[in-house]
There are 2 protein chains.
Amino acid sequence: MGITKTEPFDADLVKRANILKALGHPARLAIIQHLLEQETCICGDLVIKLPLAQATISQHLRELKQVGIIQGTVSGTSVCYCLNREIFKELREFFKDSAKQIKKKKC
Amino acid sequence: MGITKTEPFDADLVKRANILKALGHPARLAIIQHLLEQETCICGDLVIKLPLAQATISQHLRELKQVGIIQGTVSGTSVCYCLNREIFKELREFFKDSAKQIKKKKC
DNA sequence: ATCATTTATCGTAATATTGCATCAAAGCAA
DNA sequence: TTGCTTTGATGCAATATTACGATAAATGAT
C-alpha cells in the first residue's frame with residue numbers, strides 16, 4: 001500500500017511521529033546540526049555545505065518547515081531559517097520521561 | 001530516485017537518523033508507548049491493542065529491532081519484547097543538548 | 001504424531017520518498 | 001528596463017515504505 005494508517009491513532013502521537021519522521025533523514029539531520037552551530041542559515045549555505053543539489057535541499061527545508069521544526073523568514077532574495085525551540089523542548093521532555101520510565105532489561 | 005544518500009554523511013549522524021526514522025511512524029510510536037506502560041509485551045498483545053494485521057505489526061517490530069530500539073527474547077512460542085534503555089538515554093542527551101543550544105528566535 | 005498457538009516471512013499492490021534537472025518567481029543592482 | 005541572484009515549484013525516474021493475505025516455522029499440549 002505505502003499509505004500510513006493514521007486515523008486509529010491519537011492526534012498528538014501522529015504529530016510527534018511526523019516530527020520524528022522529518023528528523024529521520026541524514027540530510028535533514030545535517031541541516032539541524034548546521035542550524036545548531038550557526039543559529040541561522042540560508043538555503044545557499046547548505047548547498048555549499050551539503051553534497052546535494054539545491055532543489056533537493058530546498059525540498060528538505062520544506063519538510064522541516066511543514067512540521068514546524070524550522071521557521072523561514074524572507075530577507076531580500078534569500079530566506080533566513082532558524083530552529084523552533086518549542087519542538088526541541090517537547091522532544092527533550094518526551095525522551096527524558098521515556099528514559100526515566102525504562103527501568104532495566106526485562107527480557 | 002527514492003534512494004537516500006548516506007555516504008557523504010557521518011556514520012553517527014546516519015545511525016541517529018535511522019533511529020529517528022524508525023520512531024517516526026504512528027504504529028511504531030504506539031508500540032513504544034505500550035512498552036513504556038507495560039515494560040514488556042508479545043506481538044499478540046499489540047495485535048489486540050492496535051488496529052493492524054499481525055503481519056504488519058511483526059514488520060514494525062522488526063524495524064524497531066533492526067535499529068536497536070527494542071529487543072526480543074524467545075519465550076516458548078511467543079517472543080518477549082522490551083525497550084533498549086541506552087537508545088533512549090542517547091536521544092535524551094541529544095535533545096537536551098539541542099534544546100539548550102537554541103537560544104531564541106533569530107528570524 | 002497431531003493439533004493449536006504464536007510469530008516470522010513472502011509476495012504483491014498501492015502509495016510515498018528521494019534526488020535531480022528544469023523552469024518560474026521575486027527581489028536587488030545597474 | 002535588463003540582468004543577476006536566490007529560492008521555490010514542477011515533473012520525472014528510481015527506489016522505499018506500508019499494509020495485508022497467505023504461508024511457513026517453531027514450540028507446547030494432548
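These values consider heavy atoms only, across backbone and side chains, with no hydrogens, waters or symmetry-generated copies. What you see is a predicted model, and the numbers here were worked out from it, not measured in a lab. Order of the sequence lines sets the chain letters (A, B, ...), proteins ahead of strands, with each chain counted from 1.
- Counting heavy atoms from C-beta on, the side chains of A:L35 and A:C41 come closer than 4.5 Å.
- B:A53 comes within contact range of the sugar-phosphate backbone alone, with a heavy-atom separation under 4.0 Å but no base atom that close.
- In this structure, A:F9 atom CZ and D:dA19 atom P are separated by 8 Å, rounded to whole Å.
- Between the CD atom of A:E7 and the P atom of D:dT18 there is a distance of 15 Å, rounded to whole Å.
- In the set D:dA22, C:dG19, D:dA16, the nucleotide with an atom closest to the side chain of B:T4 is C:dG19.
- Taking the side chain as every heavy atom from C-beta outward, A:F88 and A:I32 approach each other to under 4.5 Å.
- Look at CG on A:L46: it is 16 Å from C1' on C:dG19, rounded to the nearest Å.
- Relative to the side chain of B:T77, the nucleotides C:dT5, D:dT6, C:dT18 differ in distance, and C:dT5 lies closest.
- Closest contact between the side chain of B:L52 and the listed nucleotides D:dT6, C:dC20, D:dC20 involves D:dC20.
- Between A:I70 atom CD1 and D:dT7 atom P the separation is 12 Å, expressed in whole Å.
- At D:dG8, none of the side-chain N or O atoms of A:R62 fall inside 4.0 Å of OP1 or OP2 (strictly under the cut-off).
- If you check C:dG19, D:dT6, C:dA21 against the side chain of B:K5, the one that comes closest is C:dG19.
- Base contact: A:S58 has a heavy atom under 4.0 Å from a base atom.
- Counting only heavy atoms from C-beta outward, the side chains of B:L23 and A:F95 approach each other to under 4.5 Å.
- Residue B:H25 places none of its side-chain N or O atoms closer than 4.0 Å to OP1 or OP2 of D:dA16.
- Within the nucleic acid shown, A:T56 comes within 4.0 Å of at least one base atom, counting heavy atoms only.
- The hydrophobic clustering, which links ILVMFWY residues whose side-chain heavy atoms are closer than 4.5 Å, places B:I42 and B:Y81 apart.
- Listed nucleotides C:dT15, D:dT18, C:dA8 differ in distance to A:I3; the shortest reach to its side chain belongs to C:dT15.
- Between B:H25 and B:H60, the two ring planes are tilted [angle within 30° to 60°].
- Atom pair A:L29:CG and C:dT18:P shows a separation of 13 Å (rounding to whole Å applied).
- Below the 3.5 angstrom threshold, one finds no donor paired with an acceptor across the side chain of B:Q59 and the base of C:dA8.
- For the pair A:V74 and A:R28, nearest-nucleotide mapping onto DNA chain C gives the more 5' position to A:R28.
- The listed nucleotides are D:dG8, C:dC20, D:dT7; the one nearest the side chain of A:Y81 is D:dG8.
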message: Using the rule given for side-chain contact (heavy atoms from CB on, under 4.5 Å), can you reason through A:Q59 versus A:E63, listing the C-alpha separation, both sets of side-chain angles and the distance that settles it, and then say yes or no?
response: CA-CA 6 Å; A:Q59 195 177 346; A:E63 279 173 73; 4.1 Å; yes
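- We find that NE2 of B:H60 is positioned 4 Å from P of D:dA19, with the value rounded to whole Å.
- For B:Q54, counting side-chain heavy atoms from C-beta on, the closest listed nucleotide (C:dA8, D:dT7, D:dT6) is C:dA8.
- Here the P atom of nucleotide D:dT17 and the CG atom of B:L23 are 15 Å apart, to the nearest Å.
- Spacing between atom CD of A:E63 and atom C1' of D:dT7 amounts to 16 Å, rounded to whole angstrom units.
- Nucleotides of DNA chain C nearest to B:G44 and A:K21 differ in position, and the one nearer the 5' end is that of B:G44.
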